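Chain letters run A, B, ... following the sequence lines, proteins first and then strands; every chain starts at 1. All values derive from a computational prediction rather than experimental measurement.
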Amino acid sequence: MLNFSILIDHWDMYIEGFFNTIKASVFAMIASLVAGTIIAIFRIAPFRPLNWLGTMYVEFIRNIPLMLIVFVFFFAPSALGLRINSFLAGTLGLTTYTAAFIAESIRAGIQAVPKGQMEAARSSGLTYVQTMWYIILPQAIKIVIPPLGNQFLNLVKNSSVLGVIAGLDLMYFGDLISSETFVTFDVYIFVAMFYLLLTIPLSLSVSFLERRLAKNR
Amino acid sequence: MSFRSFCKKILSISLISILCISILSACGGKTTTNTTAEQEKTENSSDNQNTLEKIKERDKLIVGVKYDLNLFGLKDPKTGKVEGFDIDIAKGLAKKILGDENKIELKEVTSKTRIPLLNNGDIDCIIATMTISEERKKEVDFSDVYFMAGQSLLVKKDSKINGISDVKKGVTVLTAKGSTSAQNIREKAPEATVLEFENYAEAFTALKAGQGDALTTDNALLLGMAKQDPNFRVVDETFTEEPYGIAVRKGDTEFVNTINEYLKEIKENGEYDKIYEKWIGDVPKNEK
Amino acid sequence: MDFIGAYSPSHIIFLLKGFSVTLLVAFISITLSFIFGIMIGVLRYTKVPVISHLLAVWVETIRNLPLLLIIFFTFFALPEIGLKLDKMAAAILALVVFESTMLSEIVRSGLNSIEKGQIEAARSSGLNYLQTLWYIILPQALRRMVPPIVSQFISLLKDTSFAVVISLPELMNHAQIINGKNINYVIPIFILVALMYFTVNYLLSLVSRRLENKYI
């Protein structure tokens, strides 16, 4: 049977890690939502250089590993005379990576709104930005919610990379407990349960929303 | 699907999967205890023979050593050879048991993996800068001391840290997971932030990248790092005693006796001093 | 930053060696997870009582866990219950366990997207259930699944870098070894490593796009 004393004796560490995992995920989610929206608008804006910039960002970031991005934020700033702590480096890395995927989801959502609406709104006197903000984005968001939920789910799982750079998250503390107590199997099972506590409700909500939005359409 | 049935579904699926893992791990856990119990049984009875006979049978000694520590056990990426103080000690042991120092297989261990690897039977013994501690004696058996180290700090050349008393609030100290260094520094400098990495190489890279103010572990290892990168120096003061021992599986008495005999021999015939001078430099202090 | 020192021939060769391990691990894992992914996906689609339920719990559990945890688990925890794996095997096992569940979800939704009418038509023309599945449904579904499957392969190739935590001598690990020598190598080395991953993944995504245009 599972060795519950390992859970109870190190409860503080699990909880600190658990909350730091939530913190990193929420921060990175908000930041990458903002950055992702901006990049998505770059990609569809009626201005070529912005399109290129957006496309370059998305194509490059999507095709390199998250681990690499996080290492860059952790090891590289010192070359430029900066110091970013491990938690922040990890969260920034997560944001940079996730923003590319979110940008793609949002772009797909915006482009799913019929083109005629943009033209109609523009001809009724709204500016491009106004049209985007009041007409297109509200509709796009509905389409985008399920894929965004999926990205958030990935984000929570990906936040475990903080453990590699001593980012004080659940993975870090779990690994620490296992290497101090020499108990690996049980400790990792407890860590898994903490992750499932976050991810299972999230993934069920996503599939629920998916079904519901599909019905409404 | 209504909201209520949705919630019900969340609840039930969460429960089922947690249940599932519990069952899975229950089976796992059971086998763990079984195997460790069995291991103990077989090792206590002479049924499984002792490790010594196994080594002679296979005509090869398998030793867990570090691959990432200058002076003690470092793998040269160009030649692929592993060299250092621990390696020479291991080779001497192979010569003592099998008559040939080349009848040896080195396996990479880290502070974190060495005890599991030993208890799983992947290696015959650990010669990997391992401090003899009461905690570890519950898991493994140790030989006599073969090297006396002390924990210290590695800092930037121009750092203001000159001893453990300078490690105060706001100072970040780096080390590796699974080492005694982390526990020691937490006791001696409870206000400092301690960050632990997978191994010393990662911790040292992080120190170089400015992710900490000091790296703490045994002075012997720190000297090796300072030798690699002259931008760093080792603080003179040591604040713990770290007697290194060779670890074997629990109850492996005959093997331990052989190892102790070997250590005594090389200390008497001057072989130990030679190895010491080759890697560390100064002649050993008053060690027994 | 020291570009010249960082890009010395011995470093480049060392990185390429690491990359070859990355590609090897990725190739083996892709092949195995493709096979297991289809098996799990089809079994869940066919709704064989107990088996498909068990698989559902398995898939829901695994895909909701971080891959990093699974890698730690296969390397550090499995030996505790008597299953010893070397770094390479542990990394491949973890990748296959994780990615095959992701692929099985793609396969299952691909299968679900085929109209039920086709099954009935095929069955009434005399094919049995398995034949219908194998000759009629699966080929069509696979065609629709090509783009998401390729992007899953890209994810897998990127995910091999997580094995850096168990010091598997792949690209990321070799990069970190070089970075350990001199902190001024970090940025040049990371740029080169990024380009290596990018090149292969970008080519894969181009292939995926061509296939997409061809089939859909």
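The number of heavy atoms from other shown groups lying within 6.0 Å of CZ (Phe198(C)) is above 12. Around NZ of Lys158(C), the count of heavy atoms belonging to other residues, nucleotides or ligands within 6.0 Å exceeds 12. Applying the 6.0 Å contact sphere to NZ of Lys116(C) captures more than 12 heavy atoms from other residues, nucleotides or ligands. The number of heavy-atom neighbours closer than 6.0 Å to CZ of Phe3(C), taken from other residues, nucleotides and ligands shown, is above 12. Residue-environment remark: CD1 (Ile51(C)) stays at or below the threshold of 12 foreign heavy atoms within 6.0 Å.
Each ring pair (Phe, Tyr, Trp, His ring centres under 6.0 Å) pair with one or both residues in residues 166-185 of chain C, not counting sequence neighbours, appears once here: His11(C)-Tyr185(C), Phe14(C)-His174(C).
By a heavy-atom distance cut of under 4.5 Å, Glu198(B), Asn199(B), Glu202(B), Thr205(B) are the residues of residues 198-207 of chain B near chain C, going up by number.
Between Glu80(C) atom CD and Asn120(B) atom CG the span is 8.0 Å, to the nearest 0.5 Å.
Nearest approach of Asn182(C) to Lys208(B), heavy atoms of both residues: N-NZ, 4.3 Å.
For a residue to count as touching a neighbouring chain, one of its non-hydrogen atoms must lie under 4.5 Å from one of that chain's; by this rule Asn64(C) does not touch chain B.
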